[in-house]
Structure formats: C-alpha cells, structure tokens
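First comes the structure, then the notes that go with it.
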Amino acid sequence: MQSLKEVMKNNFPFQQAGEKECEACGTVYKLYQTPKGVQGACKPCADKQFKKEMNLPTVEEYRNNKEMNFILSFERVTDDLKNATVNSYKDVHKTQKEAKQAAVDFITGFDGAHSLALSGDPGLGKSHLAYAINKAIRSKGYKTLYIKATDLLERIRSTYSSHSSITEEQILSMIDGLDLLVLDDIGSEYVKSNESGHETWASDILYKVFDMRLNKSTVCTTNYFESELEAKYGNNGPRIIDRMMDMATAIRLEGESYRRKERF
C-alpha cells in the first residue's frame, strides 16, 4: 500500500522550484515547476479570497451575530408597537411634548451613559416612546434590548428549572453588556409578599439589574410614582429608585389615555 507522500508524488510530479515571500502578508510559500511554468500561491491569502468570494462572516461578525440573536430571543413586542417611531408619537398634553423632545434628545445625543425614566398612567404612550428609542439606537449599530419587566423576571425565573438551556448568570451578563436596556412597565409584576408585606425575589433581581447598569444607559417606564415603587419593593425600594434615576432625565406624563376613548 502506497503512502500519502508516494501517492502525491506519483499524481502530482511537480518539483519544487524555490520559495517566494507574499507581497500582501509576508508569508513565505513554495514554488513548483509545472507544465505552465513556475507556480505557487500564498495559502492564507488564497483562503482569505475564498472566504470573501463565499461571503462568509468573519469570526468577529459571527460572534456579534450570535450575541445579537441571543439578545433578540428575549424581545417580545406587541403588534401596536412594532411600527412605533418617535415621529409617530401623538403628543397632545404638554408633558407628552416634553417626553417626545426628551426622546429625540436622547437618541441624537446618545452616549451610553445617560438614562431616561418615563412615568404616568396607562395609555399615554410611554411604551411607544420607549420602543421607538430602542429601535432608533439599535439602527445606529448599538446592542439594545426592549423587554417588559414581567418578561425579564419570568425568563430569569425559568432558568431555575433543571431543563433550562441557559442560566441566570448568562442573562445578567447579557444585560450588563448592552449599550442600552429598555425596561418597560416596571412595577407591573405580580407581588408575592413576605412577612413584612414586600416582594423580595423580584426586588432582588431588579436591584441587581439596576446596580450593574450604573453609568450605563437605561430607559425605564412605569405607571407608579417614586414613593409607590419604593413602598412596593420594601428595603430594596430606595436603592432601586436611586440607581434607576442615576444620570437620568425623569418625566411624568399626563393627559387622556389613548385606549380609553369611546370604547362603546
């Protein structure tokens, strides 16, 4: 049985005719005497050209795509928000005009450090503006995530199952690495009170999230006043509010709910 070396020699009987340094990358490759003359090629450059022609992603592009797909797996957007933009937001009340301008300023001056907090009764367009900001910042190439507070807590809770394919640490690490976290409807989660009458697990998770987001941009919306959130989350309440409001512009929206007009 012939060795691989013998097979190659018998089928490709080209003699080595020297070496050459690649002008593009500096790699030294071998030259061979062939029927078409002295031939040779730089393998690294040839591989690079092949990948380019095949339009294959680079390692960095593959890593970024994988990371973005993981982020997007957490995003659940209702049909009424999918086409939301800042321009399409209907600002009737003066506080809504203020919120719309704050959204414009946040997008145009995005620095990855400052935050925005929108509060007010349901139906005033807080989620509309929040998701519109998320889309606009993402379109600039930043890593962003829009997620309801209830969805975030539910996804983290699901990691405690033995069948979960991801861990709480992976979710928190992803959140920590975002350029912008948009956390919608804070305070809407179900409250299971402890002996003192306060939620413990949810407040612990929210405190972790806001603590790791210090000096990182976050957009938050809530139907509650500060004092109400503090009361809801007990001992963690003041600490959550303190971190939520760090380097943040806060606006309380007023006006008539879009969804309460002439229902029947």
Side-chain angles (χ1 to χ4, degrees), residues 54-86 88 103 106-107 110-113 115-118 125-192 199 201-223 240 243-244:
M54 292 293 291
N55 199 28
L56 297 174
T58 64
V59 173
E60 183 178 358
E61 288 172 338
Y62 174 79
R63 188 183 299 114
N64 289 338
N65 288 338
K66 185 178 180 180
E67 183 180 21
M68 200 63 220
N69 287 334
F70 183 66
I71 293 171
L72 291 176
S73 70
F74 290 83
E75 199 161 275
R76 182 179 64 85
V77 183
T78 53
D79 290 340
D80 62 319
L81 291 181
K82 288 180 179 178
N83 296 319
T85 65
V86 174
S88 68
F106 185 86
I107 294 168
F110 183 72
D111 60 3
S115 298
L116 180 64
L118 303 175
K126 300 185 300 296
S127 296
H128 179 120
L129 283 176
Y131 184 63
I133 291 171
N134 175 72
K135 285 202 305 183
I137 299 300
R138 181 179 293 165
S139 70
K140 294 184 176 185
Y142 291 102
K143 290 183 294 184
T144 73
L145 170 64
Y146 166 89
I147 189 168
K148 293 277 188 181
T150 49
D151 288 346
L152 174 60
L153 292 171
E154 183 57 35
R155 290 298 297 270
I156 291 178
R157 193 188 298 275
S158 70
T159 65
Y160 304 155
S161 166
S162 59
H163 302 294
S164 177
S165 59
I166 59 175
T167 65
E168 176 182 339
E169 288 72 22
Q170 285 177 296
I171 296 177
L172 293 177
S173 176
M174 177 270 290
I175 290 173
D176 186 33
L178 292 170
D179 298 307
L180 171 66
L181 170 66
V182 179
L183 194 56
D184 193 23
D185 216 4
I186 296 171
S188 63
E189 68 281 351
Y190 171 70
V191 174
K192 183 178 180 181
E199 166 70 5
W201 178 80
S203 66
D204 286 343
I205 295 298
L206 288 174
Y207 174 71
K208 284 182 181 179
V209 169
F210 283 111
D211 190 54
M212 68 173 55
R213 295 298 301 176
L214 275 175
N215 299 319
K216 299 175 184 177
S217 290
T218 303
V219 172
C220 302
T221 76
T222 182
N223 297 336
I240 290 173
R243 283 155 179 75
M244 184 192 305

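Pairs engaging residues 134-156 under the ring pair (Phe, Tyr, Trp, His ring centres under 6.0 Å) rule: Phe110-Tyr142, Tyr131-Tyr146 [sequence neighbours left out]. The list of salt bridge (charged side-chain N to carboxylate O under 4.0 Å, His left out) pairs with a residue in residues 162-173, not counting sequence neighbours, reads Glu168-Lys208.
At most 12 non-hydrogen atoms from other residues, nucleotides or ligands lie less than 6.0 angstrom from CG of Asn83. Within 6.0 Å of the NZ atom in Lys140, the count of heavy atoms belonging to other residues, nucleotides or ligands exceeds 12.
Applying the side-chain contact (heavy atoms from CB on, under 4.5 Å) criterion to Ala149, with sequence neighbours excluded, gives Leu183, Ile186, Glu189. Legend: residues meeting side-chain contact (heavy atoms from CB on, under 4.5 Å) with Leu72, ordered by chain and number and at least two apart, are Met68, Glu75, Arg138. Applying the salt bridge (charged side-chain N to carboxylate O under 4.0 Å, His left out) test to Asp179 and every residue at least two apart in sequence or in another chain returns nothing. Here Asp111 pairs with nothing under the salt bridge (charged side-chain N to carboxylate O under 4.0 Å, His left out) rule; sequence neighbours left out. Looking at residues two or more places apart in sequence or on another chain, you find a salt bridge (charged side-chain N to carboxylate O under 4.0 Å, His left out) between Lys148 and Asp184. Contacts of Asn64 classified as side chain to side chain donor-acceptor pair (under 3.5 Å), with partners at least two apart in sequence or in another chain: none. Every side-chain contact (heavy atoms from CB on, under 4.5 Å) that Thr78 has, sequence neighbours left out, goes to Arg76, Asp80, Leu81. Applying the side chain to side chain donor-acceptor pair (under 3.5 Å) criterion to Lys143, with sequence neighbours excluded, gives Glu67. With sequence neighbours excluded, the residues satisfying side-chain contact (heavy atoms from CB on, under 4.5 Å) with Thr85 are Asn87, Ser88, Lys135. When the salt bridge (charged side-chain N to carboxylate O under 4.0 Å, His left out) test is applied to Arg243, the partners found at least two apart in sequence or on another chain are Asp211.
Looking only at distances, a side-chain donor or acceptor of Ser158 sits under 3.5 Å from a matching main-chain atom of Arg155.
Counting all heavy atoms, side chain and backbone alike, Ser203 lies closest to Ile240 at O-CD1, 3.6 Å. Closest heavy-atom contact between Val219 and Ile133: CG2-CG2, 4.2 Å. The two residues Met212 and Leu172 come nearest to each other via the heavy atoms SD-O, 3.3 Å.
Distance check, rounded to the nearest 0.5 Å: OG of Ser188 to CG of Leu153 gives 8.5 Å. A distance of 9.5 Å separates CD1 in Ile166 from CD1 in Ile156, rounded to the nearest 0.5 Å. The distance from atom OG of Ser217 to atom CD1 of Ile137, rounded to the nearest 0.5 Å, is 8.0 Å. Atom CG in Leu145 sits 7.0 Å away from atom CD1 in Ile71 (nearest 0.5 Å).
At a threshold of 4.0 Å, the pair Asp176-Arg213 does not count as salt-bridged, since none of the basic side-chain nitrogens sits closer than that to a carboxylate oxygen.
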